[in-house]
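Below is one structure, written out as structure tokens; the observations come after it.
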Amino acid sequence: MSYAAYKMMHWPTGVDHCAAGFVTHSPSDAAAFFTATTVGPGPEGDIDSAAAASRPRRLGPSPNLVVAAANVLEVYAVRAETAAEDGGGGTQPSSTSGAVLDGISGARLELVCHYRLHGNIESMTVLSDGAENRRATIALAFKDAKITCLEFDDAIHGLRTSSMHCFEGPEWQHLKRGRESFAWGPVIKADPLGRCGAALAYGLQMIILKAAQVILSLCWSYFMSKSLHGLGNLPHDAYQLLAVPPPISGVLVICANSIHYHSQSTSCSLDLNNFSSHPDGSPEISKSNFQVELDAAKATWLSNDIVMFSSKAGEMLLLTVVYDGRVVQRLDLMKSKASVLSSAVTSIGNSFFFLGSRLGDSLLVQFSYGASKSVLQDLTNERSADIEGDLPFSKRLKRIPSDVLQDVTSVEELSFQNIIAPNSLESAQKISYIVRDALINVGPLKDFSYGLRANADPNAMGNAKQSNYELVCCSGHGKNGSLSVLQQSIRPDLITEVELPSCRGIWTVYYKSYRGQMAEDNEYHAYLIISLENRTMVLETGDDLGEVTETVDYFVQASTIAAGNLFGRRRVYGKGARVLDGSFMTQELNFTTHASESSSSEALGVACASIADPYVLLKMVDGSVQLLIGDYCTCTLSVNAPSIFISSSERIAACTLYRDRGPEPWLRKTRSDAWLSTGIAEAIDGNGTSSHDQSDIYCIICYESGKLEIFEVPSFRCVFSVENFISGEALLVDKFSQLIYEDSTKERYDCTKASLKKEAGDSIRIVELAMHRWSGQFSRPFLFGLLNDGTLLCYHAFSYEASESNVKRVPLSPQGSADHHNASDSRLRNLRFHRVSIDIASREDIPTLGRPRITTFNNVGGYEGLFLSGTRPAWVMVCRQRLRVHPQLCDGPIEAFTVLHNVNCSHGFIYVTSQGFLKICQLPSAYNYDNYWPVQKVPLHGTPHQVTYYAEQSLYPLIVSVPVVRPLNQVLSSMADQESVHHMDNDVTSTDALHKTYTVDEFEVRILELEKPGGHWETKSTIPMQLFENALTVRIVTLHNTTTKENETLLAIGTAYVLGEDVAARGRVLLFSFTKSENSQNLVTEVYSKESKGAVSAVASLQGHLLIASGPKITLNKWTGAELTAVAFYDAPLHVVSLNIVKNFVLFGDIHKSIYFLSWKEQGSQLSLLAKDFGSLDCFATEFLIDGSTLSLVASDSDKNVQIFYYAPKMVESWKGQKLLSRAEFHVGAHITKFLRLQMLPTQGLSSEKTNRFALLFGNLDGGIGCIAPIDELTFRRLQSLQRKLVDAVPHVCGLNPRSFRQFHSNGKGHRPGPDNIIDFELLAHYEMLSLDEQLDVAQQIGTTRSQILSNFSDISLGTSFL
């Protein structure tokens, strides 16, 4: 393997930074929108603003939330639902708990836009000047000293880089003061009044950015000497400054052991514990009522005098600045609740705050002063206990699960009782909290294991076999520790299956007699219709599926094209159409061509159909279009061939109907005369439905030329058209409004350019269209287009009103006659679509007249979205207005799919595989699908460290540590030897330290099993460690028993005693065997235990022997059944962090001295060094990379790099084979803690190649999962030249350079650069988002073709589609 590809599969989820501000709308937009009395906004109201129209007034407009996780930037809008009526998005499982607080029944985060950057965000702030009519700017800081400002641009519905500042390179070298290594990146802060921003770079240089973006760089000492007001003698542990908002003003200095308030007129302090230190002669300082340490706490202001701290132990503390109108009198601190261990907190408006976390799920919390009656219930009696007393608080803590508020149903009330009542209004405050939403986080991934799923299929073959496995990961820390179970692909829970060959399509329909015409949300399906090759089956979906084909009036002698519901009834058609009421036919239609009557006596076939009550759109075999119009009164259909298509010569490639429904249909808002239509809508819409839910029907048509048009139905007036839809432009704008707004010369130039390249892109056609708007008050429609090469184009609609000045200035285009002008009034002129990236790996040629592949669903297991059938089926779920793609590989190609909701299968689905099986299934309910991969989190209430998998009984042994509070004297006596204890006792007893406690981590190995039916995890057995003994490693090893001459599978545990630096390090090796019998009391029994010098940090089995790394020595032992006998050893430099074995080769990583490559020879019983890396490297994880017969060695390090080495004794530079040579190096941008070697799957492109090819799956501390896969030289050269092209061809967000990000980071240490032999799929992913013309251009420039590049992409993603 000389070449490799780096590919992320699950992006980081641990939130590092968060901030709030009016990014997508200004405060005045939001306020105007939110006080609008009408349901719809005025003409100038911002439709996408974050405040709900129906929200109670007192809440005020809500800012956006900006979240950063490693290199991922996301902007969210906070959507609140009022208690009066539900916003409609209640289907998501992440939906809220529903308790009403301040008139809000729920709130959730909805994604506005997200970006993956070529650089990790070191610091983030939102710059805003507080003006009502201006939006805020997001400022980001990157290593070493780069600052970028981003603003939201309505025209593209995304962020645009507004300014970039770089303080690196020769001209800024003096800022480093001769240093090369810096502990952290730049820190950026904003002035509360928006006059400037300040960044601290290179540890001690302050850079001021004026709002007009004039930059001064000031040395810190110069700045201090010119300062207005300085303050000396601060405690040494001060680490954070908080500006106190007006009217109080001033600054809070936060220290680990005290808090100080300072302003020019007054100052006061508060001691938090006994460790706080003060200069002599300082006045007496008030103490807090309880002991707490505030180092590493995060803070945010809830109001102008209350600041909330989230401490390192996950407690929420509230600090009140007691102010009497003139001066600050004192500081009051009180405990509030337990929460997640946070890495960042921010207040969002005046009723929400967000706790961002790297160690647990991030939470959106609503808070309120003075709880509403519904929340308080009967909590008052408990509140009679004094708030300062710690006991009731800890009792309450024990009663609620420690994994934060999210499990608390009735909110635990907090009261603020200040002893001296200040003159402020909030004298006796009560703050109540409700967790409204959570963003899931699976980081930090410390270790993971690869095991079988609960619903695995033992008969699976080939690539489908991958769906049998899942990744069980150690994630989180402390009380947020959990086991995260991740799967890349969905394997549904099977209810029943039947063999059904040659199926063409399946549909389920509702049926209800005349009682009510509106379908309820929870109505069961009545019939299942199955279309076979030359007949149709109809089944009743009652308690069981019974065939009723003979008794119904369906047209069952031929196959069915489509079936659906019209006016509360059912219909089916093949060559003709039938309307049925239940099982009785009420009308039948046959279709003929529109030519002269005599010639068209034979009936015309329907190619495909789309149903939107009361219309049916048919596309005939000859490419013409017919519309069936239903009449609500007579419940009959009439055929209408739209005249506009009869006269046009263009052939139609795909068409669909879109039903825009809701209290306020969304597309109406984008019309240029939107303000006219909203008032009179109820009067028009009198077709029998209730006026509350209106619906408009549109017909979307794409021609073979690639032009897309949207028509109103039934008038077939064109309201939107785009010239070249299939090229996949980033933005779709109505052609007509473009003529008005833009200069038409540019258009003409584009046409000539396109015609030159027609030859290459000519074969690309659109085969299917779909447009759908899912539930939710603020949801916007998505438009999907499937191309015949397997590409899925995905667009999200948004509304953009161009400024009036543009329109007035430009004269009408020459063809803009009077009738054209009138037509423009009713066009959807403000409608735009922006392209959304969607990661679907299927590359297959789709026939133009195939059966439909896109099926939308509104409720499958509580989720909504669409299902894409075909050779590589995938679920696209819509969560928070974001598309989550989850492939389903377990059954191979899927021919047809439909939803099914009946007695036995609640919100399930049916699909037919290409092997001819019809399966009725449900989604596994234990998983959360609103994540990059479906995930199940199992709370452990302790920190997980390592996990391994025992395949024979499907058990997961896992190291967990739980913090336990112990008396201090017990801790001291067990730590030191007897003599010093004697002296200690005198000290201890003389003080009150007898009552002091100390927190110790207690370790245990839990053996967990996944229960088969429910997906519930259960602890089968626990192996406790001794006091102060830390379990460092747990592995399943196979040892050859020299007595019985048989192989035994044992559980090996390596431990270390942590007793301080005065005691020599010791450790133990423990071996356990698993009992085979089901009913035995103990699952595991100890078969061996021995103490060793040094900590046992890694164990592995090498050809039936046990390899143990204890301290700086590696020993190889043989197993007699009762004893381990050392047969060979090797002296490692300092401390071994990882051991890997292939055949008789050993690779180990040292904590400081890089990697060593050994071999074991049975003859002379010796472990000998083959080669090592002579550089210094702090290893995190190591593994072998196998490509055919080539063996490479991979190591990740503390500077977030990955290096690939190889052993080449014949090469001169290897110093006669002593030195490992570098094959490739790459900066990952995250700490990789574990590699797992998995065999790559065979694909068409790589099938002729080597079969013995392995990729490395890795997990990192940010919660990301990816892989490093070997590739052949030809593919590498092609993709590397594409990668170099894309560095310049694509505008990168924040102006970051992907090449500099991926260069090896040595952090100031000397490093000789290695070869650049890894390609970066994070950069290559931009290629698929280019428009078709640009893709063809770029491919031509590097001397290859688009289809060749895309097939390379799909080969690599298929080859690594594990799990």
Side-chain angles (χ1 to χ4, degrees), residues 19-21 27 58 60 63 125-132 189-196 198 227-231 233-235 238-255 258-272 282-283 285-289 292 294 297-310 316-336 345-353 367-370 414-431:
R58 64 176 172 277
T125 188
V126 170
L127 304 165
S128 105
D129 57 1
E132 284 293 298
K189 296 283 180 199
D191 167 33
L193 299 178
R195 294 160 300 191
C196 65
S227 65
L228 304 167
H229 172 73
L231 188 75
N233 276 349
L234 284 175
Y239 70 96
Q240 190 178 4
L241 294 173
L242 287 180
V244 182
I248 303 176
S249 300
V251 68
L252 281 176
V253 181
I254 314 297
C255 313
S258 54
I259 301 176
H260 307 262
Y261 169 80
H262 294 284
S263 69
Q264 277 159 306
S265 56
T266 176
S267 62
C268 59
S269 304
L270 178 71
D271 275 0
L272 305 172
S282 56
I285 288 180
S286 59
K287 279 193 177 301
S288 142
N289 319 341
V292 67
L294 265 197
K298 302 289 181 273
T300 185
W301 291 92
L302 298 187
S303 69
N304 60 4
D305 62 344
I306 297 175
V307 65
M308 183 198 76
F309 291 100
S310 175
M316 279 156 57
L317 309 168
L318 296 169
L319 178 79
T320 311
V321 181
V322 181
Y323 176 68
D324 64 357
R326 283 180 312 108
V327 290
V328 169
Q329 294 180 332
R330 61 174 205 286
L331 304 172
D332 266 5
L333 187 71
M334 58 163 291
K335 284 193 178 184
S336 175
V345 297
T346 182
S347 310
I348 309 173
N350 49 16
S351 50
F352 295 98
F353 60 85
F367 66 95
S368 165
Y369 303 108
L414 319 161
S415 60
F416 255 8
Q417 280 140 352
N418 299 328
I419 301 132
I420 308 168
N423 303 342
S424 70
L425 294 170
E426 303 154 335
S427 52
Q429 289 167 338
K430 297 167 177 294
I431 296 196

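One is the number of the first residue; the rest follow in order along the sequence.
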Notebook entry, point to check: Taking all atoms of both residues into account, what is the closest heavy-atom pair of Tyr239 and Ala297, and its distance?
Noted result: OH-N, 3.1 Å
Checklist line | Between OG1 on residue Thr266 and CZ on residue Arg326, distance to nearest 0.5 Å | finding: 10.0 Å
Notebook entry, point to check: Is Tyr261 reaching over with its side chain to a backbone N or O of Leu270, donor-acceptor style, under 3.5 angstrom?
Noted result: no
Next item on the list: For residues Ile248 and Asn304, report the shortest heavy-atom separation together with the two atoms involved.
Entry: CD1-O, 3.7 Å
Checklist line | Distance-minimising heavy-atom pair for Val345 and Ser310 | finding: CG1-CB, 4.1 Å
Next item on the list: Apply the test side-chain contact (heavy atoms from CB on, under 4.5 Å) to residues Lys335 and Leu317: give CA-CA distance (whole Å), side-chain angles for both, the deciding distance (0.1 Å), then the verdict.
Entry: CA-CA 5 Å; Lys335 284 193 178 184; Leu317 309 168; 3.9 Å; yes
Notebook entry, point to check: So how far is it from Ile259 CD1 to Leu331 CG, rounded to the nearest 0.5 Å?
Noted result: 6.5 Å
Next item on the list: Over all heavy atoms of both residues, which pair between Ala20 and Thr346 is shortest? Give the atoms and the distance, please.
Entry: N-OG1, 3.6 Å
Checklist line | Minimum side-chain heavy-atom gap Leu302-Val307 below 4.5 Å | finding: no
Check: Got more than 12 heavy atoms from elsewhere within 6.0 Å of NZ, Lys189?
Finding: no
Note to self: What I want to check is whether the side chains of Asp305 and Ser303 have a donor and an acceptor closer together than 3.5 Å.
What the structure shows: yes
Check: Looking at Ile348 and Pro63, what are the two nearest heavy atoms and their distance?
Finding: CG2-O, 3.6 Å
Next item on the list: Measure the spacing between OG1 of Thr320 and CZ of Arg330 and express it to the nearest 0.5 Å.
Entry: 8.5 Å
Margin query: Nearest 0.5 angstrom please: Phe353 CZ to Met316 CE, how far?
Written below: 3.5 Å
Item checked: The single option from Ser267, Cys268, Cys255 passing side-chain contact (heavy atoms from CB on, under 4.5 Å) against His260 -> Cys255
Note to self: Can you give me the closest heavy-atom contact between Leu242 and Gln240, atom names plus distance?
What the structure shows: CD2-NE2, 4.0 Å
Check: Are side-chain heavy atoms of Leu252 and Ile254 found at a separation under 4.5 Å?
Finding: yes
Notebook entry, point to check: Nearest 0.5 Å, what's the OG-CD distance between Ser286 and Gln329?
Noted result: 12.0 Å
Next item on the list: Measure the NZ-CG distance between Lys287 and Asp271 for me, rounded to the nearest 0.5 Å.
Entry: 4.5 Å
Checklist line | Which residues share a side chain to side chain donor-acceptor pair (under 3.5 Å) with Ser347, sequence neighbours left out | finding: Thr300
Check: Does the side chain of Val328 reach to within under 4.5 Å of the side chain of Val244, using non-hydrogen atoms?
Finding: no
Check: Would Leu333 and Val292 satisfy side-chain contact (heavy atoms from CB on, under 4.5 Å), going step by step from the backbone distance to the final call?
Finding: CA-CA 10 Å; Leu333 187 71; Val292 67; 4.1 Å; yes
Next item on the list: Using the side-chain contact (heavy atoms from CB on, under 4.5 Å) rule, take Val253 and Leu241 through it: C-alpha gap first, then chi angles, then the decisive distance, then the call.
Entry: CA-CA 5 Å; Val253 181; Leu241 294 173; 3.8 Å; yes
